[in-house]
Novice: 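I am attaching a structure below and will ask some questions about it afterwards.
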Amino acid sequence: MKKRPLNLALETSEVPQPMADGLGATDPGPRNVLLDLQNPDLLTPPHTDAGTIPNLKFSFSNAHNRLSEGGWAREVTVRELPISTTMAGVNMRLTAGGVRELHWHKESEWALMLNGRARLTAMDQDGHNFIEDVSEGDLWFFPAGIPHSIQGLKEGCEFLLVFDNGSFSENETFLITDWFAHTPKEILAKNFGVAESNFASIPAHERYIFQSDVPGELSADQVSAPNGTVPQSFVYRLMEQEPIHSRGGMVRIVDSTNFPASTTIAAALVEVEPGGLRELHWHPNNDEWQYYIEGQGRMTVFASGGKARTFDYHAGDVGYVPFAMGHYIENTGETPLRFLEMFKSNRFADVSLNQWMALTTPTLVQDHLHLNQTVMDTLHKQKQPVVI
């Protein structure tokens with residue numbers, strides 16, 4: 001087994017201590033200083049945090065990585081993040097020519113291409129087929145039970161898969177090679193109408209991810225289907241969508257209204273400029289599953305009953321907000337913060353605290369919060385998802 005370095009240089013000479021406003025004390029150790037540096041709001045919580053809220057963060061870097069000859073895959077499910085009951089995620093990389101073998105799931109699959117390009121194939125229950133290429137920023141959605149495959153093109157690719165069940169696992173999918181391996185050869189012979197000897201070389205076990213040749217041009221891989229192609233595309237070009245711009249950033253929203261195939265998962269791709277804030281809000285339809293793509297930020301979740309807790313997030317982290325809990329996401333870095341908000345729903349929905357206050361009788365709002373007129377005059381009646 002490879003030996004790994006024990007001494008890792010800190011990016012800062014100052015070791016953080018769990019002390020603030022005259023409270024706390026130094027921590028001489030043992031401790032994981034690098035982890036404390038990444039989670040300052042856990043080590044020294046804001047004074048507004050209170051009560052007990054479950055863990056709402058897990059990093060893909062802490063997940064088991066399954067290595068194959070054609071790539072790798074790691075997952076964050078309810079096993080890794082117990083609060084995440086509605087959705088699970090998989091981070092997957094395929095080499096040039098690497099194949100995620102022909103398979104299907106009990107769950108629907110939503111995906112975002114993070115980099116590179118890939119070729120998708122699928123077929124629906126009516127014999128309509130689908131063969132298409134995707135690149136960075138593109139989405140796909142395969143409904144539950146629809147068979148499909150993914151193959152890296154000459155650049156290879158990396159993508160995020162999201163499933164509408166927190167208990168989903170990539171290790172429990174229906175694989176074509178696994179089914180062949182567990183079907184008697186005489187049954188295969190009867191099914192395909194050929195001699196049993198034709199199946200002498202089938203794999204003895206699943207292939208899952210394996211290395212193959214890089215596909216050629218898309219046109220050369222097309223297969224004519226008597227019933228034609230799928231009536232609704234399984235791919236959505238998210239970056240071609242005009243974003244919602246507001247002070248401090250922008251948002252792109254995708255759900256069944258603009259991507260009809262995506263019937264069980266809705267999402268928003270949010271970009272927050274340095275110093276900006278995904279405004280105080282909540283979601284009235286379901287829990288929120290998050291994936292942080294770029295930058296760093298922090299989120300405080302308000303859980304009612306005087307409870308609130310703050311978490312810090314970096315690229316590759318998964319966040320979670322239980323149903324209807326109020327929250328914000330602040331960019332705490334010097335570069336843009338980009339992340340996904342995802343929901344087990346056919347529609348994206350959020351409620352803005354600012355807009356709610358602006359559309360409520362002003363004296364009633366002031367009676368509650370004792371706000372001065374300066375604050376009241378800044379309330380906006382139109383939603384501004386990102387502010388600064």
Novice: To the nearest 0.5 Å, tell me how far Leu56 CG sits from Asp317 CG.
Specialist: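 Nearest 0.5 Å value for the CG-CG distance: 12.5 Å.
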Novice: Would Phe302 and Tyr320 show up in the same hydrophobic cluster when neighbours are defined by side-chain heavy atoms closer than 4.5 Å?
Specialist: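 Hydrophobic grouping puts Phe302 apart from Tyr320.
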Novice: I'd like to know if the side chain of Gln211 reaches the main chain of Ala96, judged simply by a donor and an acceptor atom lying under 3.5 Å from each other, with no hydrogens or angles considered.
Specialist: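 Here the side-chain-to-backbone pair exists.
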Novice: Using the side-chain hydrogen bond (donor to acceptor under 3.5 Å, both in side chains) criterion, which residues pair with His182? Sequence neighbours excluded.
Specialist: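 Result, side-chain hydrogen bond (donor to acceptor under 3.5 Å, both in side chains) vs His182: Asp178.
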Novice: Should Lys106 and Asn165 be marked as a side chain to side chain donor-acceptor pair (under 3.5 Å) after you check the CA-CA gap, both sets of side-chain angles, and the distance that decides it?
Specialist: CA-CA 9 Å; Lys106 293 180 180 179; Asn165 183 346; over 6 Å; no
Novice: Which residue pairs pass the ring pair (Phe, Tyr, Trp, His ring centres under 6.0 Å) test when at least one of the two sits in residues 52-90, sequence neighbours left out?
Specialist: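 Pairs touching residues 52-90 that pass the test: Phe60-Tyr291.
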Novice: So with a 6.0 Å cut-off around CG of Asp126, is the heavy-atom count from everything else above 12?
Specialist: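 Correct, the count exceeds 12.
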Novice: If we ignore hydrogens and angles and just use 3.5 Å, is the side chain of Glu170 paired with the main-chain N or O of Arg74 as donor and acceptor?
Specialist: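 Judged by distance alone, no pair lies under 3.5 Å.
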Novice: Looking at Ala315 and Ile293, what are the two nearest heavy atoms and their distance?
Specialist: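 Shortest heavy-atom separation between Ala315 and Ile293 comes out as CB-O, 3.5 Å.
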Novice: Please give me the minimum heavy-atom distance between Gly152 and Pro215, naming the atom from each residue.
Specialist: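 Distance-wise, the nearest heavy atoms are O-CD, 3.6 Å.
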Novice: In the structure I gave you, are the side-chain heavy atoms of Phe199 and Val194 within less than 4.5 Å of one another anywhere?
Specialist: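 They are in side-chain contact.
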Novice: Cluster question for you: counting only ILVMFWY and a side-chain heavy-atom cut-off of under 4.5 Å, with indirect links fine, are Leu160 and Leu120 together?
Specialist: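 Each belongs to a different hydrophobic cluster.
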Novice: Is the shortest heavy-atom distance from the side chain of Ile253 to the side chain of Asn258 under 4.5 Å?
Specialist: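 Sidechains of Asn258 and Ile253: no contact.
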Novice: Is there a side-chain contact between Arg117 and Cys157 (heavy atoms, below 4.5 Å)?
Specialist: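 The answer is no, as the side chains (C-beta and beyond) never meet within the 4.5 Å cut-off.
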Novice: Go through it in stages, so that I can follow the logic: the residues are Phe348 and His283, the test is side-chain contact (heavy atoms from CB on, under 4.5 Å), and I'd like the CA-CA distance, side-chain angles, deciding distance and then a yes or no.
Specialist: CA-CA 9 Å; Phe348 177 89; His283 301 277; 4.1 Å; yes
Novice: My understanding is that only residues two or more places apart in sequence, or in another chain, count here; which of them pass salt bridge (Lys or Arg N to Asp or Glu O under 4.0 Å) with Glu279?
Specialist: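 Glu279: no salt bridge (Lys or Arg N to Asp or Glu O under 4.0 Å) contacts found.
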Novice: Enumerate donor-acceptor pairs with a distance under 3.5 Å from any side-chain N or O in residues 128-145 to protein atoms, sequence neighbours excluded.
Specialist:
| from | atom 1 | to | atom 2 | distance (Å) |
| --- | --- | --- | --- | --- |
| His128 | ND1 | Asp124 | OD1 | 3.3 |
| His128 | ND1 | Asp124 | OD2 | 2.9 |
| His128 | NE2 | Asn227 | O | 3.3 |
| Asn129 | ND2 | Val223 | O | 2.7 |
| Asp133 | OD1 | Arg119 | NE | 2.6 |
| Asp133 | OD1 | Arg119 | NH2 | 3.4 |
| Asp133 | OD2 | Arg119 | NH2 | 3.0 |
| Ser135 | OG | Asp138 | OD2 | 3.4 |
| Asp138 | OD2 | Ser135 | N | 2.9 |
| Asp138 | OD2 | Arg237 | NH1 | 2.6 |
| Trp140 | NE1 | Glu109 | OE2 | 2.8 |

Novice: What's the spacing between Leu81 CG and Ile83 CD1 if we round to 0.5 Å?
Specialist: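 Reported value, rounded in 0.5 Å steps: 7.5 Å.
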Novice: With sequence neighbours left out, which residue pairs that include part of residues 291-314 fulfil the salt bridge (Lys or Arg N to Asp or Glu O under 4.0 Å) condition?
Specialist: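 As it turns out, the salt bridge (Lys or Arg N to Asp or Glu O under 4.0 Å) pairs with a partner in residues 291-314, which skip direct neighbours, are Asp41-Arg298, Glu294-Arg338, Arg298-Glu330.
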Novice: Please report, to 0.1 Å, the donor-acceptor pairs under 3.5 Å made by any side chain of residues 360-369, with sequence neighbours excluded.
Specialist:
| from | atom 1 | to | atom 2 | distance (Å) |
| --- | --- | --- | --- | --- |
| Thr360 | OG1 | Trp356 | O | 2.6 |
| Gln366 | NE2 | Leu371 | O | 3.3 |
| His368 | ND1 | Leu364 | O | 2.8 |

Novice: Any salt bridge linking Arg79 with Glu172? Criterion: basic side-chain nitrogen under 4.0 Å from a carboxylate oxygen.
Specialist: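 No, this pair does not count.
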Novice: When you group the ILVMFWY residues by side-chain heavy-atom contacts below 4.5 Å and let the links chain together, are Phe210 and Leu94 in the same group?
Specialist: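 No, because Leu94 and Phe210 fall into different hydrophobic clusters, even though each may have its own neighbours under 4.5 Å.
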Novice: Of all the heavy-atom pairs spanning Ser167 and Val78, show the shortest one and how long it is.
Specialist: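 Closest heavy-atom pair between Ser167 and Val78: OG-CG1, 3.7 Å.
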Novice: State, with a plain yes or no, whether a side-chain heavy atom of His281 is found less than 4.5 Å away from one of Glu341.
Specialist: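 Sidechains of Glu341 and His281: in contact.
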Novice: Once rounded to the nearest 0.5 Å, what's the spacing between atom OG1 of Thr86 and atom CE of Met342?
Specialist: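 Reported to 0.5 Å precision, the distance equals 10.0 Å.
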Novice: Starting from the C-alpha separation in whole Å, work towards a yes-or-no answer on side-chain contact (heavy atoms from CB on, under 4.5 Å) for Ile329 and Tyr292.
Specialist: CA-CA 11 Å; Ile329 299 97; Tyr292 289 81; 3.9 Å; yes
Novice: Begin from the C-alpha positions of Arg100 and Leu161 and carry the test side-chain contact (heavy atoms from CB on, under 4.5 Å) through to its verdict.
Specialist: CA-CA 12 Å; Arg100 173 64 173 96; Leu161 303 171; 5.9 Å; no
Novice: Tell me every residue that passes side-chain hydrogen bond (donor to acceptor under 3.5 Å, both in side chains) with Thr77, counting only those two or more places apart in sequence or in another chain.
Specialist: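 Expected list: Glu80.
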Novice: Side-chain donor-acceptor pairs under 3.5 Å in residues 262-275, sequence neighbours left out?
Specialist:
| from | atom 1 | to | atom 2 | distance (Å) |
| --- | --- | --- | --- | --- |
| Ser262 | OG | Ile265 | O | 2.6 |
| Thr264 | OG1 | Ser108 | OG | 3.4 |
| Thr264 | OG1 | Asp164 | OD2 | 2.9 |

Novice: Under 3.5 Å, side chain of Glu101 to main-chain N/O of Ile176, donor-acceptor pair present?
Specialist: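 Yes, Glu101 side chain to Ile176 backbone: donor-acceptor pair under 3.5 Å.
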Novice: Please report the interatomic distance CD(Glu75) to CG(Asn65), rounded to the nearest 0.5 Å.
Specialist: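 Taking CD in Glu75 and CG in Asn65, the distance rounds to 10.5 Å.
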Novice: Please give me the minimum heavy-atom distance between Ala122 and His148, naming the atom from each residue.
Specialist: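 Closest approach of Ala122 to His148, heavy atoms only: CB-CB, 3.9 Å.
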Novice: Can you list everything that forms a side-chain hydrogen bond (donor to acceptor under 3.5 Å, both in side chains) with Thr310? Sequence neighbours excluded, please.
Specialist: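 Thr310: side-chain hydrogen bond (donor to acceptor under 3.5 Å, both in side chains) contacts with Asp49, Thr300.
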Novice: With a 4.5 Å cut-off on side-chain heavy atoms, are Trp282 and Val321 touching?
Specialist: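 Answer no - side chains too far apart.
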Novice: side-chain contact (heavy atoms from CB on, under 4.5 Å) for Phe192 and Asn198? Distances and angles first, verdict last.
Specialist: CA-CA 10 Å; Phe192 292 101; Asn198 287 285; over 6 Å; no
Novice: Honestly curious: do Val254 and Leu112 fall in one hydrophobic cluster under the side-chain, below-4.5 Å linking rule?
Specialist: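 As far as the 4.5 Å side-chain criterion goes, Leu112 and Val254 are connected within one cluster.
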Novice: Within this structure, what is the CG-CE distance for the pair Leu359 and Met357, rounded to the nearest 0.5 Å?
Specialist: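 Those atoms lie 11.5 Å apart.
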Novice: Considering only heavy atoms from C-beta outward, does the side chain of Phe259 approach that of Leu238 to under 4.5 Å?
Specialist: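 Heavy-atom side-chain distance check fails, nothing below 4.5 Å.
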Novice: Do Gln17 and Asp27 come within less than 4.5 Å of each other through their side chains, counting heavy atoms only?
Specialist: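 Contact flag for Gln17/Asp27 side chains = yes.
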Novice: Does Phe311 have any ring pair (Phe, Tyr, Trp, His ring centres under 6.0 Å) partners at least two apart in sequence or in another chain, and if so, which?
Specialist: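 If we apply the ring pair (Phe, Tyr, Trp, His ring centres under 6.0 Å) test to Phe311, skipping adjacent residues, there are no hits.
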Novice: Just how far is it from atom OG1 of Thr378 to atom CG of Asn354, taken to the nearest 0.5 Å?
Specialist: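 Going from the OG1 atom of Thr378 to the CG atom of Asn354 covers 6.5 Å.
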Novice: Without placing hydrogens or testing angles, list every side-chain donor-acceptor pair under 3.5 Å for residues 381-388, not counting sequence neighbours.
Specialist:
| from | atom 1 | to | atom 2 | distance (Å) |
| --- | --- | --- | --- | --- |
| Lys383 | NZ | Asp350 | O | 3.0 |
| Lys383 | NZ | Asp350 | OD1 | 2.7 |

Novice: Please answer: with hydrophobic residues joined when any side-chain heavy atoms are less than 4.5 Å apart, are Tyr328 and Val375 in the same cluster?
Specialist: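 Tyr328 clusters together with Val375.
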Novice: Ring-plane angle category for Phe163 and His105, please: parallel below 30°, perpendicular beyond 60°, tilted otherwise.
Specialist: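 Taking His105 first and then Phe163, their aromatic rings stand perpendicular (interplane angle over 60°).
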Novice: Would you say the side chain of Leu175 lies within less than 4.5 Å of the side chain of Arg207, judging by non-hydrogen atoms?
Specialist: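 No. Closest side-chain heavy atoms not under 4.5 Å.
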Novice: Taking side-chain hydrogen bond (donor to acceptor under 3.5 Å, both in side chains) as the definition, give me every residue that meets it alongside Gln232, ordered by chain and number, with sequence neighbours left out.
Specialist: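 None.
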